[in-house]
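Naming convention: chains lettered A, B, ... in sequence-line order (proteins, then strands); numbering from 1 in each chain.
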Protein chains: 2
Amino acid sequence: MEPKTYTHDEIIAMLREHGINPTAQRVEIARELFSRKGHYSAEDVFALVNNDQTQVSKATVYNTLGLFAEKRLIRQLIVDPTKVFYDPNMVPHHHFYDVVTGKLTDIDANDVRITGLPALPPGAQMEGVDVIIRMRQANPTAG
Amino acid sequence: MEPKTYTHDEIIAMLREHGINPTAQRVEIARELFSRKGHYSAEDVFALVNNDQTQVSKATVYNTLGLFAEKRLIRQLIVDPTKVFYDPNMVPHHHFYDVVTGKLTDIDANDVRITGLPALPPGAQMEGVDVIIRMRQANPTAG
DNA sequence: CTCCTAACTTATAATCGGTCTAAATCTATG
DNA sequence: CATAGATTTAGACCGATTATAAGTTAGGAG
């Protein structure tokens, strides 16, 4: 959870461990994701990696996030009706989602127990379990 | 679960009970949804209500589904990265989601127990809890 | 080195679900 | 019938994502 800093080599090792060829752009995107540990849309990532130091195209950002998710380096969150979020935190956890602001908050999965789920259909392989608690702040600043 | 048929008047009563003015288009959309009880995208509904008998515009379909969800006549499912699904089944339940085909399957919530969830942030009001089990059929027809 | 190939990145066009807009229609009421 | 408010509509528009096709890069063979 705490924003650990990763060295260039550590990032490269992470990618390799997940079967990802560590190109400059992929390392840069991974660095941004893992140096912050939040919830990012592709547009967010695109903004993060395009600055004075680095330039990465939009197509590469989308491709790379998809690749990372496929290789299980990060997790895809389908929670907002308009866009996908990506979560570099691979420790099992769930989410609060504020339906007004779109803000996501982690829920530690350690304490959460889900029992009584039926078996998967025959031949099916589990990809993941998403638990999303949708909530709304009781108009805090309404007047 | 079993596809009960609703009379025109029953549909109108349902809408009124949820504070929805029962216009012709809304009744038609509700009839299609409740006569089948599945999981529908807006495009699905648009196709269902546009036939020899009836014509409803795309804008009205989107507006009406949004209204129905807001009034809790149906439930919005955010589970597919590309589009929203609507579920006329308001009995609490969860979903299997086949990440390849996009097919949704109901999971009866009666047996499912979720414990250990933290309290909502102060002032927050729960909108709903979504449990989605993402799975993949082990390539049944690959060759 | 230089060539070659495969992997990768890029700019840009295209797609697609969904929303917006402004006009038309409907409905209830006086 | 006139009016106002709610609703519907066609079509323009938007924003997230994907597709396309060309350009770049890295590494091995000669």
Side-chain angles (χ1 to χ4, degrees), chain A residues 8 11-12 15-16 18-32 39-51 53-71 73-74 76-87 99-100 102 104, chain B residues 11-12 15-16 18-32 39-51 53-71 73-74 76-87 97 99-100 102 104:
Chain A
H8 192 255
I11 296 280
I12 287 177
L15 296 183
R16 289 230 168 88
H18 288 264
I20 299 163
N21 187 12
T23 66
Q25 291 86 343
R26 289 169 182 173
V27 170
E28 183 55 29
I29 290 170
R31 188 213 302 288
E32 288 294 347
H39 307 97
Y40 303 97
S41 69
E43 286 299 317
D44 293 339
V45 175
F46 179 75
L48 287 173
V49 296
N50 282 285
N51 51 52
Q53 326 296 325
T54 59
Q55 295 286 308
V56 183
S57 75
K58 189 187 286 198
T60 296
V61 170
Y62 277 93
N63 289 341
T64 300
L65 291 172
L67 177 69
F68 284 5
E70 181 196 322
K71 298 292 191 179
L73 180 64
I74 63 178
Q76 211 181 30
L77 300 181
I78 316 284
V79 67
D80 181 300
T82 68
K83 56 178 169 253
V84 172
F85 283 93
Y86 294 91
D87 188 344
V99 297
V100 176
L104 281 163
Chain B
I11 295 282
I12 288 178
L15 296 183
R16 288 229 168 89
H18 288 263
I20 299 163
N21 189 12
T23 67
Q25 290 86 344
R26 289 169 183 173
V27 170
E28 185 55 28
I29 290 170
R31 187 215 302 288
E32 289 293 346
H39 307 99
Y40 302 98
S41 70
E43 286 300 316
D44 294 338
V45 174
F46 181 75
L48 287 172
V49 297
N50 282 285
N51 51 51
Q53 327 296 324
T54 58
Q55 296 287 305
V56 182
S57 74
K58 188 165 79 142
T60 296
V61 169
Y62 277 92
N63 289 340
T64 300
L65 291 172
L67 177 68
F68 284 5
E70 180 196 324
K71 298 292 190 178
L73 180 63
I74 63 179
Q76 210 181 28
L77 300 181
I78 316 283
V79 67
D80 182 300
T82 70
K83 55 180 169 251
V84 172
F85 283 93
Y86 294 91
D87 188 344
Y97 176 70
V99 298
V100 176
L104 280 163

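For A/Thr23, whose side chain is taken as the heavy atoms from C-beta onward, the closest listed nucleotide among D/dT17, C/dT9, C/dT19 is C/dT9. Listed nucleotides D/dT9, C/dC8, C/dA11 differ in distance to A/Ala59; the shortest reach to its side chain belongs to C/dA11. Comparing C/dA11, C/dT19, C/dC8 by their closest approach to the side chain of A/Asn21 singles out C/dC8. Minimum atom distance to the side chain of A/Val56 is reached by C/dT10, of the listed C/dC8, D/dT8, C/dT10.
Checked by atom type and distance alone, the side chain of A/Thr54 pairs as donor or acceptor with a backbone atom of A/Val49 at under 3.5 Å. No donor-acceptor pair closer than 3.5 Å links the side chain of B/His39 to the backbone N or O of B/Phe85.
Nearest-nucleotide positions on DNA chain D for A/Thr82 and B/Thr60 put B/Thr60 closer to the 5' end.
One interatomic measurement links the two molecules: NZ of A/Lys58 to P of D/dA19, which rounds to 15 Å at whole-angstrom precision. In this structure, B/Leu67 places its CG atom 17 Å from C1' of C/dG18, rounding to the nearest Å. Note: CG (B/Leu15) to P (D/dT7) measures 12 Å, nearest angstrom. Look at CD1 on A/Ile29: it is 13 Å from P on C/dC8, rounded to the nearest Å. Residue A/Glu43 contributes atom CD, which lies 10 Å from atom P of D/dG15 at whole-angstrom precision. Taking atom CD on B/Gln25 and atom P on D/dA6, their separation rounds to 17 Å, with Å as the unit. For A/Lys83 and C/dT19, the NZ to P distance is 13 Å, given to the nearest whole Å. Nucleotide C/dG17 holds its P atom 10 Å from the CZ atom of B/Phe85, rounded to whole Å.
In this structure, the separation between CD1 on B/Ile20 and OG1 on B/Thr64 is 9.0 Å, given to the nearest 0.5 Å.
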Inset, instruction - Dump the intermediate steps for side-chain contact (heavy atoms from CB on, under 4.5 Å) on B/Arg26 and B/Leu67, then the final yes or no. - result: CA-CA 10 Å; B/Arg26 289 169 183 173; B/Leu67 177 68; 3.6 Å; yes

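Close to C/dT19, at under 4.0 Å from its OP1 or OP2, lies no side-chain N or O of B/Tyr62. At C/dC8, none of the side-chain N or O atoms of A/Asn63 fall inside 4.0 Å of OP1 or OP2 (strictly under the cut-off).
Between the side chains of A/Asp44 and A/Ser41, at least one donor N or O sits under 3.5 Å from an acceptor N or O.
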